[in-house]
Amino acid sequence: MYSATEKALIVSIWEKVTPHTEQWGGEALERLFTVFPQTKIYFKHVDTSPGSAAIRTHGDKVMKAIGSTAGDLDNMSTTLSSLSNLHAYNLMVDPVNFKLLSHCILVVLANHLPSEFTPEAHLAFDKFLASVASVLSHKYR
Amino acid sequence: MVHWTDEERQAITSIWAEVNVEEAGHQALTRVLVVYPWTQRYFSTFGNVSNATAIAGNHMVRAHGKRVVVALGDAIKNLDNVKATYAKLSELHSEKLHVDPENFKLLGETLIISLAAQFGAAFTPDIQAAWQKLMAVVTAALSKQYY
């Protein structure tokens, strides 16, 4: 459940992310692979060395997918339906990893938007990313 | 026995030298109480902690946040023996304060986020990794004396 204020916070923070999805998405993934190296097992086919073009491209994709839900939070499962299928039937990423990536995304936001990423914005975003994770894993079983 | 590389020690001490202890503690504890509101159960004697504005302005929250980060300094001074350094604190949290150890993880996360906000680009992925390891070691040490 999101309050109107939380929805507005998510949209306004996301507006600031939109011009930087490749760079910040890449940074979130780089933090994920550095801090939680076990997550690299899902990326054996990808060049996960710091600064790689593959990480930036993938980070861009991830951030844009998350962003696609920001304006219509109540319909997240429809917006992410095919990604939800992908994660359930192809990728089968253990859901614990969604929390790890969410944490790294929050670190990137705090890092680049220190004044906008207030405790209230942090709360709204933590809920938002948890919803994304929940939708991505809800067809798992 | 925790093994720290020289780079990890350097990452921890170089950031610690620049940390604004009161501000980092205040940010981290405020964020725990706001983002995970069920943690307010431990602060019923702190007055009004029922909303973000009240929490951020609460001087007991500020003082307590500072106390926690000051205590973190003890771990940093004793990186090779955090368990022994925190044995009494661990017992206190279990026997007197009755704090669910899950909360140590939450505060560790919000402290990392507060440092990311303070340090910007200087808080690199490698530095974050060293600090996350420190948070894990601190969490394990504080949980050690439980039951």
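Keep in mind that the numbers below use all heavy atoms, side chains included, and drop hydrogens, waters and symmetry copies. Just so it is clear: chains get the letters A, B, ... in the order the sequence lines come, proteins before strands, and each one is counted from 1.
B:Val68 is not listed as a side-chain neighbour of B:Leu72, based on a closest heavy-atom distance of 4.5 Å or more.
For the set A:Leu113, A:Leu106, A:Val35, the entry with the most heavy-atom pairs within less than 4.5 Å of chain B is A:Val35.
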Check against salt bridge (charged side-chain N to carboxylate O under 4.0 Å, His left out), A:Lys7 and A:Asp74: CA-CA 10 Å; A:Lys7 289 185 181 183; A:Asp74 297 323; 3.0 Å; yes
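With a threshold of 4.5 angstrom between heavy atoms, B:Ala130 does not approach chain A through any atom at all. Of the two parts of A:Phe36, only the side chain, counted from C-beta on, holds a non-hydrogen atom closer than 4.5 Å to a non-hydrogen atom of chain B.
The salt bridge (charged side-chain N to carboxylate O under 4.0 Å, His left out) test applied to A:Lys61 returns no partner, not counting sequence neighbours.
Grouping the Ile, Leu, Val, Met, Phe, Trp and Tyr side chains by contacts below 4.5 angstrom, directly or via other members, places A:Ile105 with B:Met135. Linking Ile, Leu, Val, Met, Phe, Trp and Tyr whenever their side-chain heavy atoms come within less than 4.5 Å leaves B:Leu107 and B:Ile12 in two separate clusters.
A distance of 9.5 Å separates CD1 in B:Ile113 from SG in A:Cys104, rounded to the nearest 0.5 Å.
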Here's a test: name every donor-acceptor pair under 3.5 Å between chain A and chain B, with the distance for each.
| from | atom 1 | to | atom 2 | distance (Å) |
| --- | --- | --- | --- | --- |
| A:Arg31 | NH1 | B:Phe123 | O | 2.9 |
| A:Arg31 | NH1 | B:Gln128 | OE1 | 2.8 |
| A:Arg31 | NH2 | B:Phe123 | O | 2.7 |
| A:His103 | NE2 | B:Gln132 | OE1 | 2.8 |
| A:Asn111 | ND2 | B:Ala116 | O | 3.0 |
| A:Asn111 | ND2 | B:Gly120 | O | 2.8 |
| A:Phe117 | O | B:Arg31 | NH1 | 3.1 |
| A:Phe117 | O | B:Arg31 | NH2 | 2.6 |
| A:His122 | ND1 | B:Arg31 | NH1 | 3.0 |

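Of all non-hydrogen atoms in A:Ala54 and A:Val46, the two that sit nearest each other are CB-CG1, 3.7 Å.
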